[in-house]
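Quick note: numbers below take in every heavy atom, side chains included, and nothing from hydrogens, waters or symmetry partners.
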Amino acid sequence: MKLLRYGPAGQEKPGLLDSDGAIRDLSGVIPDLAGDALSPAVLSKIAAMDMASLPKVDGNPRLGPPVTGMKNLVCIGLNYADHAAETGSPIPKEPIVFLKSLNALNGPNDDVVIPRNSVKTDWEVELAVIIGTRAKYVSEENALDHVAGYAVGNDVSEREWQAERGGTWDKGKGFDTFGPLGPWLVTKDEIPDPQNLAMFCDVDGVRQQDGSTRTMIFGVKQLIAYVSQCITLNPGDVIFTGTPPGVGLGKKPSPVFLKAGQVMKLGIAGLGEQQQKLLASP
C-alpha cells in the first residue's frame, strides 16, 4: 500500500493511493497515520479493505509528511562508502547518529527555505525507514519486524552550520523545512529488499545524485538494531539512512550549493518522487 496524508499544513487527513493513482480518504478508518495506526494489525486491516468503498478525494491536494506524531527524527551520516569517499572521510566503524529537529519535517513538495546568510545549503536524497512498532534493544534478525514502511527523504543540510560552527551536525541539519518526507509511506511488503533501490536527485533538471542503497555501509537491519540500543524507537519515528555520492559539498574542483529559485527533484525506485523549490529566508 501507499499511505499518505493530504490537506493544508497542520490539517492533514490520512489517505491512501489506489491502483488508479487516486487518493482515497482513510479518516473514517483511522484518526491519522500515527501511533497504533502503523501497527501490523491495523495495516493488515486497511490492506484487506475494498479501496473503492473509501471516499475518493477530488482535485490535487497538497501532500504532507506521510506520518505524524513521531518522537524521533533520526539520521545517519556518512553511510554510503562512495559518499564517504567523495567527502574525503574515513569509513565509519559504527553508524554516525544524529537527530534532525522535528520542525524540519516538511511535505514532499513544500518549499525549502534557505536560512538567513546561508551560502552552503546542500541536498541529500535518502531512504527513510518508518517505524511501526516500538523498538528497544532489538536484534538485526528481528529489526524489520518493527518497520511499517519506507519513504523518500531529503536530508537538506547547511554545511557551514554542520561543520564549521563549533561542532555537532544537528545544527546544520535541523533548520525549518530541512526534512521533506514522502510523497507516501510504502508498506514494507512492497519493498522486499531495501538494499537494492536506485535513487536520484536533480537540481534544476541536472542529475546530481545517481546511486543505490546497495552501497550503504550499514544496512537497514543494522541501523534499526544499532539505534534501538541508545534511542527507543516509537511508532511513527523515522530514520534517514544516509545519502549516496553527488552532494554539492563533494563536487570537484569546488563545492556547489543551492540558491533561492532553484528546484530539487528526487526519488527512489518504488517509493515515488518529490520536488521542492528553494526560497530565501524572509
Peer 1: Got a second to check how far Leu185's CG is from Tyr150's OH, nearest 0.5 Å?
Peer 2: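 The CG atom of Leu185 sits 10.5 Å away from the OH atom of Tyr150.
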Peer 1: With heavy-atom distances below 4.5 Å as the criterion, would you say the side chains of Leu223 and Val129 are in contact?
Peer 2: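 Leu223 does not reach Val129 side chain to side chain.
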Peer 1: Can you list the steps and then say if Trp123 with Leu258 is a side-chain contact (heavy atoms from CB on, under 4.5 Å)?
Peer 2: CA-CA 8 Å; Trp123 57 87; Leu258 294 163; 3.6 Å; yes
Peer 1: Using atom types as modelled and distance alone, determine if a side-chain donor or acceptor of Asp176 lies under 3.5 Å from a backbone N or O of Ala104.
Peer 2: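 Such a contact is absent between Asp176 side chain and Ala104 backbone.
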Peer 1: What's the separation between atom CD1 in Ile268 and atom CG in Leu197, rounded to the nearest 0.5 Å?
Peer 2: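 The CG atom of Leu197 is 7.0 Å from CD1 of Ile268, to the nearest 0.5 Å.
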Peer 1: With a 4.5 Å heavy-atom cut-off, do Lys259 and Leu278 have their side chains touching?
Peer 2: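 No; the side chains remain at least 4.5 Å from each other.
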Peer 1: Would Asp170 and Thr168 count as having a side-chain donor-acceptor pair, cut-off 3.5 Å?
Peer 2: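 Their side chains do not contain a donor-acceptor pair, so the 3.5 Å distance test is not met.
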Peer 1: Closest approach of Ser228 and Ala135, non-hydrogen atoms and distance?
Peer 2: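 Closest heavy-atom pair between Ser228 and Ala135: CB-O, 3.7 Å.
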Peer 1: Please list all pairs meeting ring-ring contact (aromatic ring centres under 6.0 Å, His included) that have one or both residues in residues 79-120, counting only residues at least two apart or in different chains.
Peer 2: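 Of all non-adjacent pairs touching residues 79-120, those that pass ring-ring contact (aromatic ring centres under 6.0 Å, His included) are Phe98-Trp169.
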Peer 1: List the atom of Val125, the atom of Gln209, and the distance in Å for their closest heavy-atom pair.
Peer 2: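 Val125 and Gln209 have their closest heavy atoms at N-OE1, 3.1 Å.
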Peer 1: Does Ile131 offer a backbone N or O that forms a donor-acceptor pair with the side chain of Asp237 under 3.5 Å?
Peer 2: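 Not at all, since once roles are kept as given, no pair shorter than 3.5 Å links the two residues.
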Peer 1: Which residues satisfy the salt bridge (charged side-chain N to carboxylate O under 4.0 Å, His left out) test with Lys120, sequence neighbours excluded?
Peer 2: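 Once residues adjacent in sequence are excluded, the partners of Lys120 under the salt bridge (charged side-chain N to carboxylate O under 4.0 Å, His left out) criterion are Glu164.
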Peer 1: Please check this pair: side chain of Asp204 against backbone of Gln262, looking for a donor-acceptor N/O pair closer than 3.5 Å.
Peer 2: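 Checking the backbone N and O of Gln262 against the side chain of Asp204, no donor-acceptor pair under 3.5 Å is found.
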Peer 1: Could you tell me whether the side chains of Asp82 and Thr215 share a donor-acceptor contact shorter than 3.5 Å?
Peer 2: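 Note: Asp82 and Thr215 side chains meet the donor-acceptor criterion.
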Peer 1: Can you tell me which residue pairs pass the salt bridge (charged side-chain N to carboxylate O under 4.0 Å, His left out) test with a partner in residues 206-230, sequence neighbours excluded?
Peer 2: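 The answer is Asp202-Arg207.
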Peer 1: Side-chain heavy atoms under 4.5 angstrom apart, residues restricted to Ile, Leu, Val, Met, Phe, Trp, Tyr: same cluster for Ile224 and Val97?
Peer 2: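 Yes: a chain of side-chain contacts under 4.5 Å links Ile224 to Val97.
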Peer 1: Run the salt-bridge test on Lys251 and Glu86 with the 4.0 Å N-O cut-off and return the result as yes or no.
Peer 2: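 Looking at Glu86 together with Lys251, the answer is no, because their closest N to O distance does not fall below 4.0 Å.
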Peer 1: List the residues meeting salt bridge (charged side-chain N to carboxylate O under 4.0 Å, His left out) with Asp18, not counting sequence neighbours, and say none if there are none.
Peer 2: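 Result, salt bridge (charged side-chain N to carboxylate O under 4.0 Å, His left out) vs Asp18: Arg24.
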Peer 1: Which residue pairs satisfy the side chain to side chain donor-acceptor pair (under 3.5 Å) criterion with at least one member in residues 27-40, sequence neighbours excluded?
Peer 2: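 Qualifying pairs, neighbours excluded: Arg5-Asp32, Asp25-Ser27.
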Peer 1: Are more than 12 heavy atoms, taken from residues, nucleotides or ligands other than Asn117, located less than 6.0 Å from that residue's CG atom?
Peer 2: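 It does not: Asn117 CG has 12 such atoms or fewer within range.
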Peer 1: Report yes if some heavy atom in the side chain of Leu279 is under 4.5 Å from a heavy atom in the side chain of Val112; otherwise report no.
Peer 2: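 They are not in contact (no side-chain heavy atoms under 4.5 Å apart), so the answer is no.
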Peer 1: What pairs of residues pass the salt bridge (charged side-chain N to carboxylate O under 4.0 Å, His left out) test when at least one of them lies in residues 127-146, not counting sequence neighbours?
Peer 2: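 Qualifying pairs, neighbours excluded: none.
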Peer 1: Do Thr177 and Val156 have side-chain heavy atoms sitting under 4.5 Å apart?
Peer 2: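 Side-chain contact under 4.5 Å: no.
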Peer 1: Is Tyr6 reachable from Leu54 through a run of I, L, V, M, F, W or Y residues, each pair having side-chain heavy atoms under 4.5 Å apart?
Peer 2: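 No, it is not one cluster - the side chains of Leu54 and Tyr6 are not joined through contacts under 4.5 Å.
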Peer 1: Enter the distance from Ile46:CD1 to Thr187:OG1 here, rounded to the nearest 0.5 Å.
Peer 2: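 Going from CD1 on Ile46 over to OG1 on Thr187, the span is 10.0 Å.
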Peer 1: Only pairs at least two apart or in different chains count here, so list each salt bridge (charged side-chain N to carboxylate O under 4.0 Å, His left out) that has a residue in residues 87-107.
Peer 2: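 Applying salt bridge (charged side-chain N to carboxylate O under 4.0 Å, His left out) to every pair that reaches into residues 87-107, excluding sequence neighbours, yields Lys100-Asp155.
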Peer 1: Surrounding NZ of Lys13 (heavy atoms of other residues, nucleotides or ligands, distance under 6.0 Å), is the total greater than 12?
Peer 2: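 No, NZ of Lys13 has 12 or fewer neighbouring heavy atoms, counting only those of other groups under 6.0 Å.
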Peer 1: Would a hydrophobic clustering, with Ile, Leu, Val, Met, Phe, Trp and Tyr connected at side-chain separations under 4.5 Å, put Ile191 with Leu127?
Peer 2: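 Linked, Ile191 and Leu127 end up in one cluster.
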Peer 1: Taking all non-hydrogen atoms of both residues into account, name the closest pair between Pro108 and Pro183 and its distance.
Peer 2: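 Closest approach of Pro108 to Pro183, heavy atoms only: CG-CA, 3.6 Å.
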Peer 1: So, taking the atom named CE in Met199 and the one named CG in Leu266, what distance separates them when rounded to the nearest 0.5 Å?
Peer 2: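 Between Met199 CE and Leu266 CG, I get 9.0 Å after rounding to 0.5 Å.
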Peer 1: Spell out, as yes or no, whether a donor-acceptor pair under 3.5 Å connects the side chain of Trp161 to the backbone of Phe175.
Peer 2: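 No, the answer is negative, given that no donor and acceptor are paired below the 3.5 Å cut-off.
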Peer 1: Under 3.5 Å, is there a donor-acceptor pair between the Thr243 and Glu126 side chains?
Peer 2: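 No, Glu126 and Thr243 have no side-chain donor paired with an acceptor closer than 3.5 Å.
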Peer 1: Residues two or more places apart in sequence or in another chain: which of them pass salt bridge (charged side-chain N to carboxylate O under 4.0 Å, His left out) with Lys171?
Peer 2: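 Counting only residues at least two positions away or on another chain, Lys171 forms no salt bridge (charged side-chain N to carboxylate O under 4.0 Å, His left out).
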Peer 1: Taking the side chain as everything from C-beta on, heavy atoms only, tell me whether Ile76 gets closer than 4.5 Å to Val227.
Peer 2: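 The answer is yes; the side chains approach within 4.5 Å.
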Peer 1: Enumerate the residue pairs fulfilling salt bridge (charged side-chain N to carboxylate O under 4.0 Å, His left out) with a member in residues 54-77, sequence neighbours excluded, ordered by first and then second residue.
Peer 2: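 Matches after skipping sequence neighbours: Glu12-Arg62, Arg62-Asp110.
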Peer 1: Please answer whether the main-chain N or O of Gly219 pairs with a side-chain N or O of Gln222 as donor and acceptor at a distance below 3.5 Å.
Peer 2: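 Pair found, side chain donor or acceptor close to backbone of Gly219.
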Peer 1: Do Val220 and Leu144 touch side chain to side chain, with heavy atoms closer than 4.5 Å?
Peer 2: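 Sidechains of Leu144 and Val220: in contact.
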Peer 1: Treating Ile, Leu, Val, Met, Phe, Trp and Tyr as nodes and any side-chain heavy-atom pair under 4.5 angstrom as an edge, say whether Val42 and Leu33 lie in one connected cluster.
Peer 2: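 Yes.
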Peer 1: Of all the heavy-atom pairs spanning Ser281 and Val113, show the shortest one and how long it is.
Peer 2: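 Taking every non-hydrogen atom into account, CA-CG1, 3.5 Å.
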Peer 1: Under the rule for ring pair (Phe, Tyr, Trp, His ring centres under 6.0 Å), what residues qualify as partners of Phe257, not counting sequence neighbours?
Peer 2: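 If we apply the ring pair (Phe, Tyr, Trp, His ring centres under 6.0 Å) test to Phe257, skipping adjacent residues, there are no hits.
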Peer 1: Which atoms form the tightest heavy-atom contact between Gly107 and Pro180, and what is the distance?
Peer 2: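 Heavy atoms only, the tightest pair is O-CB, 3.8 Å.
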Peer 1: Can Thr213 and Gln195 be said to form a side-chain hydrogen bond (donor to acceptor under 3.5 Å, both in side chains), step by step?
Peer 2: CA-CA 5 Å; Thr213 57; Gln195 304 306 148; 4.7 Å; no
Peer 1: By the definition side-chain contact (heavy atoms from CB on, under 4.5 Å), identify the one residue from Leu105, Ile239, Asn103 that meets it with Leu73.
Peer 2: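 Testing each of Leu105, Ile239, Asn103 against Leu73, the sole residue satisfying side-chain contact (heavy atoms from CB on, under 4.5 Å) is Leu105.
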Peer 1: Which value, rounded to the nearest 0.5 Å, describes the distance between Trp184 atom CH2 and Ile130 atom CD1?
Peer 2: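 Between atom CH2 of Trp184 and atom CD1 of Ile130 there are 13.0 Å.
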Peer 1: Test of understanding: with salt bridge (charged side-chain N to carboxylate O under 4.0 Å, His left out), list the residues that count as partners of Glu273, not counting sequence neighbours.
Peer 2: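 Partners of Glu273 by the salt bridge (charged side-chain N to carboxylate O under 4.0 Å, His left out) criterion, ordered by chain and then number, come out as Lys265.
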Peer 1: Applying the 4.5 Å side-chain criterion to the ILVMFWY set and letting contacts propagate, would Val74 and Met216 be lumped into a single cluster?
Peer 2: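 Yes, same cluster.
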Peer 1: Do the charged groups of Glu124 and Lys173 touch, with an N to O distance under 4.0 Å?
Peer 2: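 A salt bridge links Glu124 with Lys173.
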Peer 1: Quick one, Thr121 and Arg159 - any side-chain contact, counting heavy atoms below 4.5 Å?
Peer 2: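 Side chain of Thr121 against side chain of Arg159, heavy atoms only: no contact under 4.5 Å found.
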Peer 1: Report the distance from atom CG of Leu63 to atom CG of Leu4, rounding to the nearest 0.5 Å.
Peer 2: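 Rounded to the nearest 0.5 Å, the CG-CG separation comes out at 6.0 Å.
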Peer 1: Nearest heavy-atom pair of Gly182 and Ala151: which atoms, and what distance?
Peer 2: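 Heavy atoms of Gly182 and Ala151 come nearest at N-CB, 4.4 Å.
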Peer 1: Among pairs that include at least one residue of residues 42-52, which meet side chain to side chain donor-acceptor pair (under 3.5 Å), considering only residues two or more places apart or in two chains?
Peer 2: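 Residue pairs passing side chain to side chain donor-acceptor pair (under 3.5 Å), neighbours aside: none found.
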Peer 1: Apply the test side-chain contact (heavy atoms from CB on, under 4.5 Å) to residues Leu43 and Leu3: give CA-CA distance (whole Å), side-chain angles for both, the deciding distance (0.1 Å), then the verdict.
Peer 2: CA-CA 10 Å; Leu43 293 181; Leu3 303 173; 3.6 Å; yes
Peer 1: Under a 4.5 Å cut-off applied to non-hydrogen side-chain atoms, are Val138 and Leu233 in contact?
Peer 2: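 They are not in side-chain contact.
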